[in-house]
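Worksheet: one structure, shown below.
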4 protein chains.
Amino acid sequence: MDRRARASQKRQRLTAAAARVLHEQGIERTTLADIAREADVPVGNVYYYFKTKDELVQAALAEHRAHLDELTRALDRLPDPRDRLKGLIEAWVAQRETAARHGCPTGTLAVELDKRADGTLDAEAGAVIRRLLDWTAAQFRELGRPAPEDLALTLVSAYQGMSLLTNALRDPDIMNREGTRLLRWLDSLEPGGG
Amino acid sequence: MDRRARASQKRQRLTAAAARVLHEQGIERTTLADIAREADVPVGNVYYYFKTKDELVQAALAEHRAHLDELTRALDRLPDPRDRLKGLIEAWVAQRETAARHGCPTGTLAVELDKRADGTLDAEAGAVIRRLLDWTAAQFRELGRPAPEDLALTLVSAYQGMSLLTNALRDPDIMNREGTRLLRWLDSLEPGGG
Amino acid sequence: MDRRARASQKRQRLTAAAARVLHEQGIERTTLADIAREADVPVGNVYYYFKTKDELVQAALAEHRAHLDELTRALDRLPDPRDRLKGLIEAWVAQRETAARHGCPTGTLAVELDKRADGTLDAEAGAVIRRLLDWTAAQFRELGRPAPEDLALTLVSAYQGMSLLTNALRDPDIMNREGTRLLRWLDSLEPGGG
Amino acid sequence: MDRRARASQKRQRLTAAAARVLHEQGIERTTLADIAREADVPVGNVYYYFKTKDELVQAALAEHRAHLDELTRALDRLPDPRDRLKGLIEAWVAQRETAARHGCPTGTLAVELDKRADGTLDAEAGAVIRRLLDWTAAQFRELGRPAPEDLALTLVSAYQGMSLLTNALRDPDIMNREGTRLLRWLDSLEPGGG
DNA sequence: AATGAATGAGGATTCATTCAT
DNA sequence: GATGAATGAATCCTCATTCAT
C-alpha cells in the first residue's frame with residue numbers, strides 16, 4: 001500500500017470514527033481528541049485531513065448519507081415498490097437497540113445542528129433527510145398512490161418520531177409496535193387507491 | 001412588592017429565560033451568561049437560585065411540562081375526547097413557525113440530554129413526553145378505542161416526527177400537511193371501532 | 001434573656017462554631033456559610049458580629065487559647081510541677097482520636113496562617129503557642145531544672161510533632177507511644193539535676 | 001535539544017515550580033497561574049502536562065520525596081549509622097531559615113491535605129513521612145538499639161515539631177537549640193544499650 | 001505527511017462581602 | 001439588629017486550533 005492509499009485509508013478511518021462517535025455522544029459533547037483516539041490517529045494529524053471540526057461533522061453526515069444510499073440501492077433490487085418500503089421499515093426496526101441508545105443518526109445530528117447560529121451544516125443534515133423523503137415518495141409514486149410526497153412525509157415522520165420516542169423513553173419495543181403498524185398500513189394501501 | 005416577592009419573581013424570570021434560550025440555542029450552546037442576560041440578572045446571582053447549570057435545565061423542563069399541563073387542562077374542558085385530541089393537534093400546528101426554527105422544546109431537549117453520560121436529566125425529559133402519551137391515551141380510551149396506548153404512541157410519534165422534519169427542512173408547511181392528515185384520521189375513527 | 005444577652009450568646013455560638021469547623025476543615029476550605037450553618041445563624045447576620053472572615057479566625061484562635069488557659073489553670077491546682085506537666089501530657093494523649101483526624105487545632109491553624117502574605121493572624125497563632133511554651137517553662141523552672149526554656153521547647157515540640165505524625169499517618173497510637181515516653185522522661189528528671 | 005527533550009524539561013520545570021510555590025504559599029493559596037508563571041509556562045499549557053491541580057500537588061510531593069531519597073542515599077555512604085543520623089539532623093538544621101519562613105515542605109503539605117474530604121493525596125503525604133520514619137528506624141536498628149521504630153518516631157516527631165515551632169514563631173534559632181540537643185542525645189546512646 | 005506540544009479564549013462555579021429592607 | 005438577596009472578582013478547567021520540527 002503506497003502513501004496515497006494509506007492516507008486515504010486514514011481519512012476513511014477518521015470519517016467512520018466521526019460518524020460513530022458523533023452519533024453516540026453528539027457534536028458538542030465530542031472532542032476532536034475523542035474522534036482521533038477512536039480512529040487511532042494522532043490529534044495533530046487530524047488537521048491534515050480535516051481543516052476544522054465542522055468538516056468532520058460534514059464527513060460524518062456524508063457517511064450517514066452513504067449508508068442510506070447503500071440501503072436504498074439494495075432495496076431497489078426488489079421488484080415491488082411496496083416490498084421496498086416494507087424493507088425500509090424492517091431495516092429501521094432492526095436498528096431498534098441502537099435507536100434506543102442514541103436515536104436516529106441523521107435526526108439527532110439535525111437537531112443539534114439546528115441550534116447553531118451558522119446554518120451551513122444545518123442544511124446538509126436536511127439534505128440527507130430530503131434524500132430519504134424523495135426515495136420514499138418515488139416508491140409511493142410507483143405504487144400509483146396520489147400525493148406520494150405527503151405519504152412519504154407521513155412515513156419518514158413516523159420513523160423520526162418513533163426513533164425519538166424510543167430514544168427518549170429508552171424503550172426499543174416502541175419501534176416494534178410502530179413498525180408493525182406501519183407494515184400493516186402499507187399492506188392496506190390499494191394500488192392507485194384513495 | 002417586598003424582597004421575597006421580587007426574589008421569587010426573579011427565579012421565575014430565570015426559569016422562563018432558561019426555557020426560552022435553551023429551546024432556541026440548545027443546552028450545550030447556551031452559556032449561563034446567556035440565560036442571565038436574557039433574564040436581566042447578574043451572572044453571579046444566578047447561583048443563588050440555581051446551584052448548577054443542570055438545575056436550570058431541569059427548571060426549563062419543568063416549565064415545558066407546566067405549559068403542557070396548562071394546555072391539556074384547557075382541553076379537558078371540552079366534552080368530547082375527540083375534540084380534545086383535535087384541539088391538541090391544532091395547538092401543535094399553531095406553533096409551526098416556532099417548530100420550524102427550533103423544533104419541539106421537549107423533543108430537542110430530550111435528544112441533547114440523551115447524549116450525556118449522566119442520565120439523570122435524560123429521564124426527566126422522558127417523563128414529560130410520557131405525560132403527554134398518558135394524557136393522549138386517556139382520550140383514546142374514553143373514545144372507546146382498543147389499544148389506546150398504541151394510538152397515543154402513533155399520535156405523539158407523528159408530532160415529534162413532523163416537528164423534527166419541519167425543523168430540519170425549515171418548512172412550517174410540513175406541519176400544516178401532517179396536521180390536516182392527523183385531523184382527518186381522528187375524524188375517521190369510529191367510537192369503539194377496530 | 002434581653003437583647004444584649006441574646007446577641008452575645010450568638011457571638012459565642014459563632015466563635016465556638018468557627019473554632020470547631022476551622023479545626024476540622026482548615027481555614028481555606030471553610031466558607032462563612034459553613035460556620036454560619038454550624039452556629040445556626042443566618043449568613044447575612046454574621047457580619048454584624050464579625051466584620052471579616054479573618055476576625056472569625058481570630059476569634060477561633062482566642063477560643064483555643066481560652067481552652068489552653070482553662071487547662072493550665074486546672075493543672076496549676078496540683079502542688080507538684082512535675083505532676084502538672086504529666087497532666088498536660090495526659091490531656092494531649094486523651095485527645096489522640098481528634099488529633100488523628102484533624103491534628104492540633106493551634107498547630108494546624110498556625111501552619112495555614114503562615115502561608116499568607118499578610119502576617120497579622122500568623123503572629124496570633126504564634127502567641128498561643130508561646131503561651132504554652134511559657135507555662136511549660138515555668139513548670140520546669142519551678143522544678144529547679146536548668147535551661148527551662150529549652151526543656152519547654154523540647155516538650156512542646158514533641159507535642160506538635162507527634163500530633164502532626166498522628167494526623168498524617170492517621171494513627172492515634174503514635175500519641176500513646178510518644179506520650180508514654182514523655183511521661184517516663186519527666187519521671188527521670190531529678191529536681192535541679194543536669 | 002529536540003521537542004521531546006524540551007517538553008520533558010518543561011514538565012520538570014513545572015514540577016520544581018510546584019514544589020517550591022506550594023511549599024511557600026500552601027496549596028489553597030496557590031493558583032495554577034502562580035505555578036505557571038514561576039515555571040514560565042502559559043497557563044493553558046500546564047494542562048498538557050498535568051490534568052488537574054491535584055496532579056501538580058502530587059508531583060510536588062514526589063519531588064520532595066526525591067529530595068529526601070537523595071539525602072538519605074548520600075548519608076548511606078557513611079559507615080556509621082550514628083553518623084548518618086547526625087548528618088540528617090545537621091541537614092535539617094542547615095535548612096532552618098527556610099523552615100522559619102515556610103516550615104517543613106512535607107509536613108505543611110500533609111497538614112493542608114488532611115483538611116480535605118478526599119483523602120487520596122493525604123495518604124501520599126503520609127507515605128513520604130513514613131519513608132523517612134523507615135529509613136531512620138533502619139539506622140537505629142543497625143546501631144543495635146531496641147525498639148528502633150519508637151526511636152525513629154521520636155526523632156522524626158522532634159523534627160516536625162521543631163519545624164512547626166520555628167515556623168510559627170519565626171525563629172530559626174529554635175532549630176539550632178533543638179538540633180544541638182538531638183545530636184547530644186544521639187551521642188549519649190550506647191550501642192545496643194537500653 | 002506526521003506529530004507532540006503550545007496557545008488562549010471562553011465557561012462553570014465559588015464565595016467573601018455588601019446592600020436594602 | 002436581622003436577614004435574604006446581590007455582586008463581581010477569582011479560579012479551575014476544556015478544547016479547537018496552530019506551530020515547529
Side-chain angles (χ1 to χ4, degrees), chain A residues 3-4 6-8 10-11 27-36 41-56, chain B residues 1-11 28-36 41-56, chain C residues 2-4 6-8 10-11 27-36 41-57, chain D residues 1-11 28-36 41-56:
Chain A
R3 258 179 325 165
R4 189 81 150 269
R6 210 166 339 130
S8 104
K10 231 170 183 177
R11 192 177 212 291
I27 299 172
E28 308 290 346
R29 288 263 160 179
T30 299
T31 69
L32 280 187
D34 287 340
I35 298 174
V41 168
V43 216
N45 199 9
V46 172
Y47 280 84
Y48 182 75
Y49 299 97
F50 300 93
K51 271 192 289 294
T52 64
K53 185 181 181 182
D54 273 11
E55 281 192 15
L56 266 167
Chain B
M1 187 169 54
D2 64 354
R3 254 181 326 164
R4 190 78 152 271
R6 204 157 351 119
S8 105
Q9 188 217 10
K10 219 167 183 180
R11 192 176 214 288
E28 309 289 347
R29 288 264 159 176
T30 298
T31 69
L32 280 183
D34 288 340
I35 297 174
V41 167
V43 213
N45 199 11
V46 173
Y47 282 88
Y48 184 78
Y49 297 96
F50 300 94
K51 272 188 289 295
T52 62
K53 185 180 180 181
D54 272 13
E55 279 193 16
L56 268 168
Chain C
D2 63 358
R3 258 180 325 165
R4 188 80 150 269
R6 212 172 332 133
S8 106
K10 231 171 183 177
R11 191 176 213 288
I27 300 172
E28 308 290 345
R29 289 264 160 178
T30 299
T31 69
L32 279 187
D34 287 339
I35 297 174
V41 168
V43 215
N45 200 8
V46 173
Y47 280 84
Y48 182 74
Y49 299 96
F50 299 95
K51 273 192 287 296
T52 63
K53 186 182 180 182
D54 273 12
E55 281 192 13
L56 266 167
V57 175
Chain D
M1 186 168 53
D2 64 354
R3 252 183 326 166
R4 190 79 151 268
R6 205 158 350 122
S8 104
Q9 188 219 7
K10 222 168 181 177
R11 193 177 212 288
E28 309 288 347
R29 287 265 159 176
T30 299
T31 70
L32 280 182
D34 288 339
I35 297 175
V41 168
V43 212
N45 197 8
V46 172
Y47 284 87
Y48 184 77
Y49 297 97
F50 299 94
K51 273 191 286 295
T52 63
K53 186 182 178 181
D54 272 13
E55 279 193 14
L56 267 168

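Chain letters run A, B, ... following the sequence lines, proteins first and then strands; every chain starts at 1.
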Once side chain to side chain donor-acceptor pair (under 3.5 Å) is applied, do any residues pair with D/S8, and if so which ones, sequence neighbours excluded?
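Testing D/S8 for side chain to side chain donor-acceptor pair (under 3.5 Å), a comparison that skips the adjacent residues, returns none.
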I'd like to check the side chain to side chain donor-acceptor pair (under 3.5 Å) partners of B/E28; sequence neighbours left out, ordered by chain and number.
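Side chain to side chain donor-acceptor pair (under 3.5 Å) list for B/E28, sorted by chain: A/R29.
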Pairs meeting criterion side chain to side chain donor-acceptor pair (under 3.5 Å) with involvement of residues 43-52 of chain C, two or more places apart
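Matches after skipping sequence neighbours: none remain.
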Tell me, for nucleotides 14-21 of chain F in 5' to 3' order, what letter each nucleotide earns: B for a base near a protein heavy atom under 4.0 Å, S for only sugar-phosphate near one, - for neither?
BSSBB---
Measure the distance from [atom1] on [X] to [atom2] on [N] and round it to the nearest whole Å.
| X | N | atom1 | atom2 | result |
| --- | --- | --- | --- | --- |
| A/F50 | E/dA2 | CZ | C1' | 16 Å |
| B/I35 | E/dG11 | CD1 | P | 12 Å |
| B/Y48 | F/dT3 | OH | P | 13 Å |

Any non-hydrogen side-chain atom of C/L56 less than 4.5 Å from a side-chain atom of C/I35?
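Yes, their side chains come closer than 4.5 Å.
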Find which nucleotide of DNA chain E each of D/P42 and A/V46 is nearest to by heavy atoms, and output the residue with the more 5' nucleotide.
A/V46
If the cut-off is 4.0 Å, is A/Y49 near the phosphate of E/dA2, judged by side-chain N/O to OP1 or OP2?
yes
Is there a side-chain contact between C/K10 and the phosphate of F/dG1, meaning an N or O under 4.0 Å from OP1 or OP2?
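No, no such contact exists.
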Which heavy atom of [X] sits nearest a heavy atom of [Y], and at what distance?
| X | Y | value |
| --- | --- | --- |
| D/K53 | D/T30 | NZ-O, 2.8 Å |
| D/A36 | D/V46 | CB-CG2, 3.7 Å |
| D/E55 | D/F50 | OE1-CA, 3.7 Å |

Let's test your reading of the pairing rules: Watson-Crick or G-U wobble, both distances under 3.5 Å, then write DNA chain F as a dot-bracket string with ( ), [ ], | and dots.
.||||||||||||||||||||
